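Reckoned from all heavy atoms, side chains included, excluding hydrogens, waters and symmetry mates. Keep in mind the model is a prediction, meaning the values are calculated, not measured. Lettering follows sequence order; numbering is per chain, from 1.
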Number of protein chains: 2
Amino acid sequence: MIYVRGMTTPSGDERAVPGSPADVLTLIGAGSATTRADLARITGLARSTISQRVDQLIESRLVSETEGGESTGGRPPRQLRLRTADNVVAGVDLGATHCRISLMDISGRTLATHEDPLLISEGPETVLAHVDRRIRGLLADAKLTPEALKAIGIGVPGPVEFATGRPNNPPIMPGWNAYPIPDYFTERYNALVKVDNDVNVMALGEHRAAFPDTRYLLFVKVGTGIGCGIIAQGRLHRGAQGCAGDIGHIRVSGHDEAGCRCGNSACLEAVAGGGALARKLTELGFPAESGSDVVALVQAGNTQALRLVREAGRLIGEVLASLVNFFNPEVIVVGGVLAKVHDHLLAGIREVIYRRSLPLATHHLAIVPTRTGADAAATGAGMLAIEHFLAPENINRIVTEAESAKTPTSTGG
Amino acid sequence: MIYVRGMTTPSGDERAVPGSPADVLTLIGAGSATTRADLARITGLARSTISQRVDQLIESRLVSETEGGESTGGRPPRQLRLRTADNVVAGVDLGATHCRISLMDISGRTLATHEDPLLISEGPETVLAHVDRRIRGLLADAKLTPEALKAIGIGVPGPVEFATGRPNNPPIMPGWNAYPIPDYFTERYNALVKVDNDVNVMALGEHRAAFPDTRYLLFVKVGTGIGCGIIAQGRLHRGAQGCAGDIGHIRVSGHDEAGCRCGNSACLEAVAGGGALARKLTELGFPAESGSDVVALVQAGNTQALRLVREAGRLIGEVLASLVNFFNPEVIVVGGVLAKVHDHLLAGIREVIYRRSLPLATHHLAIVPTRTGADAAATGAGMLAIEHFLAPENINRIVTEAESAKTPTSTGG
DNA sequence: CTCTTTTCTGTCGATGATCGAACGAAGTGA
DNA sequence: TCACTTCGTTCGATCATCGACAGAAAAGAG
């Protein structure tokens, strides 16, 4: 099910009378209407008008029609669906050391997923060539041609200038600064390309998959570092420079001894990130290099690891308690590697938030572990791609082009 | 000049082809178009269509027309303006101990302002009766009838359920909980009524008056308490329960001894609010009761007061440094009583933010004192009123009603 | 099994909003 | 005074939408 923006308008703006083909498609995609009669009832447009719009959408290969609707006492309606057969997108999750790609159809269904180890530090040319090969492989496995790929969404582990899709001084992506990632793919595919921060696409994926009706959501990723994706009014909040949600370098009290790679001390990430926990465990005699090692120790029942994770939860909770007062979200989702031991992490987080935040803000606040797990980023990137493909401007453009291609505009004589 | 939402669309949605009377009015109100020919050029609609729309707006008494445009070589255009003669709003700023009301026309110009001492604790009936009298007084002074008042915006010192305009367990407004403020005025005026938190309307006022093109702005009010109004995408962010921006009870490190009226300790407000500073000064032998007294001591050159204000700035800066990383605003405006000594307050705030926040987030960040000063809340409340009056739904309703009133729908024969 | 009722979908003339050409109005400049 | 330009209005033409009608395809009654 696709997320609708507009239509059911909480804030009361957006267009009042949905008329264009894109609006009709949105209703079909959202599952709000599955037949022509439904569409007429919902939009208030005449059935003849709806039929015409639907014809345009079918002509444009955006909608498919199937027989076999349930009769409610009369002629059974023909079912309308997004045409998923040859409209797919790729959701690409690039991490520091992995590349995970999901092939999804435009209704949001995942067709296939593939994960590889891949070092982002090898630079854009190498990494993107790998991504290109994997996408072609997934398309071939699904017996699809590259023409079926309509959009690509990519999440990368660093700040991105969203409008241009260029990384903005990313600390752990050497060679990627200002590299025009979209160009690489628009030269090779006839597809839209959108690039965003990995935490943002995780937030998007979690929101669309698990909390589509939530208006204000925070997705906290606790991995080697700590970051936060922000959903406001159902949309990603990226901030003025596109670096909103970078909570890993917020100061926590009482840890001025902990130096951080950013140059400051007492950063949340430097005391509660997976890397920091691994270091502390190593010092205590339990060798660990990464967040995954910490998780392994917790799962093996190591009490020191368990204690550290719970304490990390409290520290993260201290920062989140501030953000709850400031932002007043409905849901906080905790993801990232450390979320695999969310029992202990969430206990610490909840404890502090419920003690420190305002009752009005916490009364209806849910603090939950991720439901999408390791898929969050790839599906989120896919959702980013789908939503840009289904955006009104794009749909209306496609329909208009299909129309003008059909009518030869009577040139010559 | 009125703030436009939509039209110049940064995010790329909103309606593409502006057609309705409300869209035409928006362009006139924003000053984007002052003549029929302008409107035709901007909207792309035919001049005849525009003329028809403008006629409707003039008929509905929303637009006025004046001769005397500058000729550019041909017939001079007639100038179109919002009809301000009999379209005014009231912006009401209710504080703990004062009531300030601005009468504004719908173009945003302030016609008159009146401030009274008034205790909010006297309860809704008493306070609102006072407001009612003052509004009638201001209208009479401006030689306007109550019919000219189209909308009322009200800022109150406590949380409000914005949709209904009812205070939500406000701590310093005894007797006001869940009181339906809008009803009081809709029974007495034919006007729209919108109620919001005082910090929110201050943020709105500052944004519209001083930073209309800024997309992400924080307005920090440092008075007896400390609060924050949030502008995101040019709109107020109110959060899930409408209590977003309540930063006064965020914990600051190293002050666990400071108890707060909320029951927790080390709250920002309890260590850096005007009330807290006054208490500390009193202990040091300089009697002070409120934030104003603190300001007076600073202005008198009291070094202890000066030191405390600067230290308060650092503490506020510590909290804001976190919020800059999280929210990534373009502008932070500091207002409230303590902003009268903003030299010292801002020094502390800037010092900490520039040290603790991410360079990417602070690079283009402006941290400035309020420009609207004591008018922030009243003008912001007026802006709230104006924007609701000029909202497309409302304008289209007014025009439609005027149309149907003119055509007698040929009943009977 | 037939006929009626119901519901869905397409067709086609009617309607009404918008357009665009033409015209009058009101200025500038040679 | 006479082009020339720009602005605003008028009015017939046009095109999207509507709504009545008819056909299609099922359920249900007799």
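Straight-line distance from the CG atom of B:L39 to the C1' atom of D:dC7: 13 Å, rounded to whole Å. Rounded to whole Å, the distance from CG on A:L45 to C1' on C:dT9 is 16 Å. Taking atom CD of residue A:Q52 and atom C1' of nucleotide D:dA16, one finds them 7 Å apart after rounding to whole Å. The distance between atom CD1 of A:I58 and atom P of C:dT9, rounded to the nearest whole Å, is 10 Å. With rounding to whole Å, B:E67 atom CD is found 8 Å from C:dG27 atom P. Atom CD1 in A:I50 sits roughly 13 Å away from atom P in D:dG19 (whole-Å rounding). The interatomic distance linking A:E65 (CD) with C:dT9 (P) rounds to 8 Å, in whole Å.
Using modelled atom types and a 3.5 Å distance limit, the side chains of B:S102 and B:T113 yield a donor-acceptor pair. A donor-acceptor contact under 3.5 angstrom links the side chains of B:T372 and B:E206, judged on distance only. Side chains of B:Y216 and B:Q233: a donor-acceptor N/O pair is present below 3.5 angstrom, by distance only.
An OP1 or OP2 oxygen of D:dT9 is reached within less than 4.0 angstrom by a side-chain nitrogen or oxygen of B:S51.
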Enumerate all atom pairs, one protein N or O and one N or O from nucleotides 6-8 of chain C, separated by less than 3.5 Å.
{"from": "C:dT6", "atom 1": "O2", "to": "A:G73", "atom 2": "O", "distance (Å)": "3.4"}
{"from": "C:dT7", "atom 1": "O2", "to": "A:R75", "atom 2": "N", "distance (Å)": "2.8"}
{"from": "C:dC8", "atom 1": "O4'", "to": "A:R75", "atom 2": "O", "distance (Å)": "3.3"}
{"from": "C:dC8", "atom 1": "O2", "to": "A:R75", "atom 2": "NH1", "distance (Å)": "3.1"}

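Look at A:R397 and A:E401 and you find a salt bridge, because one of the NZ, NE, NH1 or NH2 atoms lies within 4.0 Å of a carboxylate O, short of that distance. Ion pairing between a basic and an acidic side chain is recognised when a charged N comes within 4.0 Å of a carboxylate O; B:R238 and B:D196 show such pairing.
Between atom CD of residue B:E147 and atom CG of residue B:N87 there is a gap of 12.5 Å, rounded to the nearest 0.5 Å.
The base of D:dG19 lies close enough to the side chain of A:S48 for a donor and an acceptor atom to sit less than 3.5 Å apart.
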